[in-house]
Amino acid sequence: MEILSVLILVISFLFFLGIGVPVAWSLGLSSMLTLMVTVQTMPAITTIAQRMGTGLDSFSLLAIPFFILAGELMNRGGIANRLIEFAKALTGRMRGGLLHVNIIAAMLMGAIAGSAVAAASSMGGILGKRMEKEGYPKELGAAVNITSSTTGLIIPPSNVLIVYSLASGGVSVAALFVAGYLPGLLVGGLLMVTAAIMVRVHKLPAGEGSSFKLILKTFWQAVPSLFLLIVVIGGIIGGVFTATEASAIAVVYSLVLSMIYRELKAKDLPSVLLKAAETTAVVMLLIATSMAMSWVMSSEDIPQNISNALLGLSDNIFVILIMINLLLLFVGIFMDMTPAVLIFTPIFLPVVTALGVDPVHFGIMMVLNLCIGLCTPPVGSILFIGVGVANTTIQKIMKPMLPFYLAMVLALILIMLFPEISLWLPRVFGV
């Protein structure tokens, strides 16, 4: 391993982050400086530019802007409201029912839109004021909203799982999508258990009563939205279309449904398209610069040397997985999920596969691990969205967040120890 190259890569990246340079530019600049150690300036700049372009030259990545656009259409088209009403009917008179409504609705929203940002903003905006009005502590409601929103990155369709498929060298997107269901439900379930405990601590009121008739009514209203799950995931599993084609179908379906609900008008489309384009641009720049850094690391044999070092420490699969998870938890505090997946998948995946870990299982575990980072300062994007929507501060929200952090860590431990949580459904469906 070239120590000088590694030092330049790490120190320059941390320096750029420290002075406030955006993550994507920090990745690109540190990669370019590292390459300048071995080649001249202009070839180094040209090579980084080429690797950024090559990194985006993938048909599977086309699914990301389509799913982002579908999420924006769903968020603006009244779908979130119908999911919340259905979740509210399910919880009935449960004590602190609005917290459970938030978790269930976020899971449903994630299963349709696949966006933690959409879930955090829509659920927080709709339920936040109502919780506060009914006597819920503002910070507790925000903590539930922030952590439950991440289930949308595990439950398919998920843009991050598509990114992992690219970084891993071709793990089946269909297998990853199917594998995400049970882990996503596990996380949601543990968050609901934690919320039930916090309800007792804060002595929160019972929810509104609901009848079987109301449940059927709200379910019927939500059916058109939920049917998208069958169309997208069923089509992928059945081999009717690819994940990229499914994302395009999701856009068309969401647009038609939003028009039927009459909550999205033609004059709203330019702003929806602009918002989706802005989000796509950010994600794609992160992917491009992350792919450039991954190439620089590979050219310096960094992944291979780290793999050899880890395998030299122990050949016990659980010891290695614990070390990797601890490192990823640390990385997630300072780095956004997309570049973390692209940079660390090529490093850690060969290590765990050498010990017999299934790449699909590792992908789910890695994504869940990095979801925790989205809820932690100083760069947790979902944390900032949730705090902004709730009109509170990070300092006030950290104490209520701790029990929910523990719930997510417990889910991570269970998924690490029991691979069948991730692998059972892919085996059942043969993907």
Side-chain angles (χ1 to χ4, degrees), residues 63-91 97-98 100-131 145 148-149 151-152 155-159 207-208 210-235 241 245-280 385 389:
I64 293 178
F66 278 125
F67 276 129
I68 289 173
L69 178 55
E72 288 295 329
L73 290 169
M74 292 172 191
N75 200 22
R76 295 279 292 274
I79 292 173
N81 284 324
R82 286 161 177 79
L83 295 178
I84 287 174
E85 290 302 319
F86 176 48
K88 189 170 68 176
L90 287 176
T91 57
L98 288 180
H100 299 293
V101 168
N102 196 320
I103 296 170
I104 294 173
M107 292 169 67
L108 292 173
M109 188 70 177
I112 294 173
S115 170
V117 173
S121 57
S122 60
M123 301 305 156
I126 296 170
L127 287 172
K129 292 182 180 178
R130 181 166 180 176
M131 286 186 189
N145 181 45
S148 63
S149 297
T151 57
I155 300 173
S158 167
N159 292 334
E208 297 178 0
S210 60
S211 61
F212 183 70
K213 182 179 179 180
L214 179 61
I215 294 174
L216 283 179
K217 178 183 176 182
T218 54
F219 172 72
W220 181 252
Q221 292 173 342
V223 159
S225 306
L226 297 173
F227 186 70
L228 183 60
L229 291 174
I230 301 173
V231 173
V232 173
I233 305 302
F241 38 69
E245 293 164 344
S247 65
I249 291 170
V251 169
V252 175
Y253 188 94
S254 303
L255 179 60
V256 172
L257 193 59
S258 298
M259 293 297 184
I260 292 174
Y261 286 159
R262 297 183 180 179
E263 295 195 27
L264 181 69
K265 298 178 175 58
K267 66 179 182 179
D268 299 325
L269 284 178
S271 62
V272 171
L273 292 171
L274 180 60
K275 180 64 176 176
E278 290 174 352
T279 306
T280 300
I385 291 171
V389 171

query = Where do A250 and V232 come nearest, in terms of heavy atoms and distance?
reply = CB-CG2, 4.2 Å

task = Please round to the nearest 0.5 Å and tell me the distance separating atom CG of L73 and atom OG of S258.
result = 5.5 Å

task = With rounding to the nearest 0.5 Å, note down the distance linking NZ in K275 to OG1 in T280.
result = 11.0 Å

inquiry  = Are I155 and L108 packed together at the side-chain level, in the sense that at least one heavy-atom pair is separated by less than 4.5 angstrom?
reply    = no

Distance, nearest 0.5 Å, that separates OG of S254 from CD1 of I249 = 11.5 Å

message = If I take atom CG from residue L274 and atom CG from residue L269, how far apart are they, to the nearest 0.5 angstrom?
response = 12.5 Å

ask   = Does the side chain of L264 reach to within under 4.5 Å of the side chain of E72, using non-hydrogen atoms?
value = no

remark   = The ring-ring contact (aromatic ring centres under 6.0 Å, His included) partners of Y261 (sequence neighbours excluded) come to none

ask   = side chain to side chain donor-acceptor pair (under 3.5 Å) with Q221: which residues, sequence neighbours excluded?
value = none

ask   = How close do L257 and P224 get, heavy atom to heavy atom, and via which atoms?
value = CD1-CB, 3.5 Å

message = So L69 and V272, do their side chains get closer than 4.5 Å, heavy atoms only?
response = yes

ask   = Got a sec: does the CZ of F241 have more than 12 other heavy atoms crowding it under 6.0 Å?
value = yes

query = Can you tell me how far the CG atom of N145 sits from the CG atom of L98, to the nearest 0.5 Å?
reply = 12.0 Å

request  = Taking all heavy atoms of I215 and all of A89, pick out the closest pair and write down the distance.
outcome  = CG1-O, 3.5 Å

